[in-house]
Amino acid sequence: MTVRAMAGEINEGSVPAYYREVYEAIRCRTDERVQVEVFKRLLERSGLSKTALSQIAEHIDCTDGFLTKLTLYKALALIALAQQGKKPSPKLFIHELPKPQLGGPRELSALRMQPAQDDVLTISQTFEQLLIKDTIQVELIPEKKGLFLKHVEYQVISQRYKISVYRRYSDFDVFHEVLLQKFAYRVVPALPPKRMLKGVLTSMSEREFIEGRRRALIRFINLVARHPLFSEDELVKTFLTYSGSDVQTKLRDTCKKTGDEFMTNRIATQAKEYLPADIQAQFSTSRELIKNIHNSFQRLRDRAEKMAERSMENSTDLVQFGRELSALGSDASVLPSLASSQSSWGTLRHSLKSLSEEFGVLSDKAAQQGRREQDDVVEKLNFFLDLLQSYRDLCERHEKGVLHEHQKALHKYGMMKRQMMSATVQPKEQASVEQLESRIVQQESAIQTMELRNYFSLFCLHQETQLIFTYLPITANILGAFVNSQVQGHREMGDVWNELQPKLGCLFGSNNGLKPPI
């Protein structure tokens, strides 16, 4: 068979039938391409030397681990030439394309890779491995103009990249936007609000709001940087390391170059093959369980917050108690003659005044306890809650996004088909019928793409569900932090109280029998 083309080109319509048989035998079931690993198995059947195989590889272009149909045809022609003892080169394609000796289509179909379900679906990282991926600090750098806060800037410090960059809230906002565009099928944590909601100002100062937002940004960026997929993505690296002034443009350009995950993931179009048969049932069960876990952790967080608040209130009460003692001891009023002869009030006043310092120390310890409970317990609970909420958001995106769009497309397709049937019954203009046929073909293609996206969305949901369960050992981490904070707090407070007790004995001693009971 002669190829009527320039040297190096292959026309699909004029290749030997055997080429098409090989392609159909080894191509992906749901894709138009051939996996590189399958092609390597095919090469092993050729019996060619390593030198010949290297020469063939020089002319083969593999994109994202795949060969296109025409690339495979080109490879088959090169294999055949090498088997004939010729140096494999596309320049020889102007002559007849020979048939390679590789075996029959049935034998070759065994080379096709079967879905490695465990390898693809399972998240192999442990909770500890996720935590050590990176630890990021977000420090506040306020810029002031006169007496008013102009805007807030953050110093973002990545332990992994050993670098710090400066970011505004708007930079975080754009980063979140492009991250959601690229990974719509993954758990992307939400950002804290940019401004205080109306009515919040009455119970929270602006600086308290800004500090709360800083903490939320820390949780957001650490969840992103520790995600198995995000952590290795160029988008995240750019946000954490790019020091130019146009970081928002850089982030958008990075996203535009690659497209969303469905366009770049090598198994996106084959996701259905890797999913278990009862994926819908598994999804429903997992979603309900995670919803219950989320609700329970919300209640735990609310209690932990109240405990931290009580510690801070205790700090305020203790220091106020000390101040009242000091004020009582500082009262310089002259005692009446009736009391002065029988009272040691003058000595007691001096003793009371000196106690305010100890209560100041107790107040500091209580405040430290409150901060530990907030930082080590409440923040860890909020961290996990942010992850759980992002999972629930993902479930909603799946149902309201992919599934909803798929249903709309099917409805539109049904309407077109009915119009087409009407056109066959009633005479229509030829141009109108052809336009309708063209629209039906386009809609069929759109539906096929949406079906593939739906399966890929379920595939990602399956993995993200595993991610939630991988994070569940954080429960022990939180409980450990809670117990440690209580042990440390009670020990420190107890030490101060124990020091205060003998001092009271010395201060009041046998004076009027005022020695406190033990």
Side-chain angles (χ1 to χ4, degrees), residues 139-140 142 200-212 214-215 300-382 480-518:
E139 302 296 341
L140 193 64
V200 174
L201 188 59
T202 56
S203 60
M204 178 188 294
S205 70
E206 182 180 6
R207 293 195 176 276
E208 285 177 325
F209 169 78
I210 291 174
E211 171 59 17
R214 182 189 71 85
R215 289 173 176 268
L300 287 172
R301 190 271 318 278
D302 292 344
R303 293 299 171 186
E305 276 186 337
K306 288 183 177 180
M307 292 177 69
E309 289 170 3
R310 282 199 296 270
S311 293
M312 299 307 292
E313 290 170 357
N314 189 31
S315 171
T316 302
D317 290 339
L318 284 166
V319 75
Q320 196 62 42
F321 192 91
R323 286 174 183 167
E324 293 297 339
L325 286 177
S326 179
L328 185 61
S330 300
D331 188 354
S333 301
V334 178
L335 289 173
S337 58
L338 289 174
S340 59
S341 61
Q342 299 295 324
S343 175
S344 59
W345 177 239
T347 305
L348 288 175
R349 279 192 310 193
H350 180 73
S351 300
L352 290 172
K353 186 176 180 180
S354 67
L355 289 177
S356 62
E357 185 176 332
E358 269 70 20
F359 279 91
V361 175
L362 285 168
S363 173
D364 290 341
K365 296 299 182 184
Q368 290 173 17
Q369 172 69 6
R371 286 191 289 270
R372 274 193 299 269
E373 289 168 346
Q374 180 66 41
D375 295 341
D376 298 342
V377 182
V378 176
E379 276 304 301
K380 285 184 172 67
L381 285 164
N382 280 329
F482 174 67
V483 171
N484 290 337
S485 72
Q486 297 304 311
V487 169
Q488 184 176 351
H490 287 295
R491 183 177 63 243
E492 291 179 354
M493 293 283 286
D495 289 344
V496 180
W497 285 117
N498 285 329
E499 289 174 5
L500 183 57
Q501 190 178 50
K503 187 172 182 179
L504 286 174
C506 294
L507 290 174
F508 297 101
S510 59
N511 294 329
N512 299 325
L514 293 175
K515 184 176 180 180
I518 296 175

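Nothing here was measured: the structure is a model prediction, and the numbers come from that model.
- Residue V377 comes nearest to A304 through the heavy atom pair CG1-CB, 4.0 Å, listed as atom of the first residue, atom of the second, then distance.
- Between R215 and E211, at least one side-chain nitrogen of the basic residue sits less than 4.0 Å from a carboxylate oxygen of the acidic one, meeting the salt-bridge criterion.
- Nearest heavy-atom pair across V319 and S363 is CB-OG, 3.4 Å.
- To the nearest 0.5 angstrom, L362 atom CG is 10.5 Å from D495 atom CG.
- At most 12 heavy atoms of other shown residues, nucleotides or ligands fall within 6.0 angstrom of atom CD in E357.
- With sequence neighbours left out, F359 forms a ring pair (Phe, Tyr, Trp, His ring centres under 6.0 Å) with F321, W497.
- With contacts defined as side-chain heavy-atom distances shorter than 4.5 Å, the pair L325/E358 does not qualify.
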**Request:** Report the C-alpha separation of Q486 and V483 in whole Å, then their side-chain angles, then the decisive distance to 0.1 Å, and conclude whether the side chain to side chain contact (heavy atoms under 4.5 Å, CB included) test is met.
**Result:** CA-CA 5 Å; Q486 297 304 311; V483 171; 5.9 Å; no

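- With S311 contributing its side chain and M307 its backbone, the two residues share a donor-acceptor pair below 3.5 Å.
- In this structure, CZ in R301 is found 15.5 Å from NZ in K380, a value given to the nearest 0.5 Å.
- Inspection of the R372 and Q369 side chains reveals an N or O donor paired with an N or O acceptor under 3.5 Å.
- Residues passing the side chain to side chain donor-acceptor pair (under 3.5 Å) test with Q374: none are found, sequence neighbours excluded.
- Rounded to the nearest 0.5 Å, atoms NZ (K365) and CE (M493) are 10.0 Å apart.
- Taken from CZ in R303 to CG in L381, the straight-line distance is 13.5 Å, to the nearest 0.5 Å.
- Nearest heavy atoms, E373 versus S485: CG-OG, 4.1 Å.
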**Request:** Start with the C-alpha gap between L318 and D364, add the side-chain angles, then the distance that decides, and say whether side chain to side chain contact (heavy atoms under 4.5 Å, CB included) holds.
**Result:** CA-CA 9 Å; L318 284 166; D364 290 341; over 6 Å; no

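- Applying the salt bridge (charged side-chain N to carboxylate O under 4.0 Å, His left out) rule to pairs touching residues 308-324 yields nothing, sequence neighbours excluded.
- Listed here is the closest heavy atom pair of S326 and S356: CB-CB, 3.7 Å.
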**Message:** Let's go through L140 and I210 carefully: what are the C-alpha distance in whole Å and the side-chain angles of both, what is the deciding distance for side chain to side chain contact (heavy atoms under 4.5 Å, CB included) to 0.1 Å, and is it a yes or a no?
**Reply:** CA-CA 9 Å; L140 193 64; I210 291 174; 3.7 Å; yes

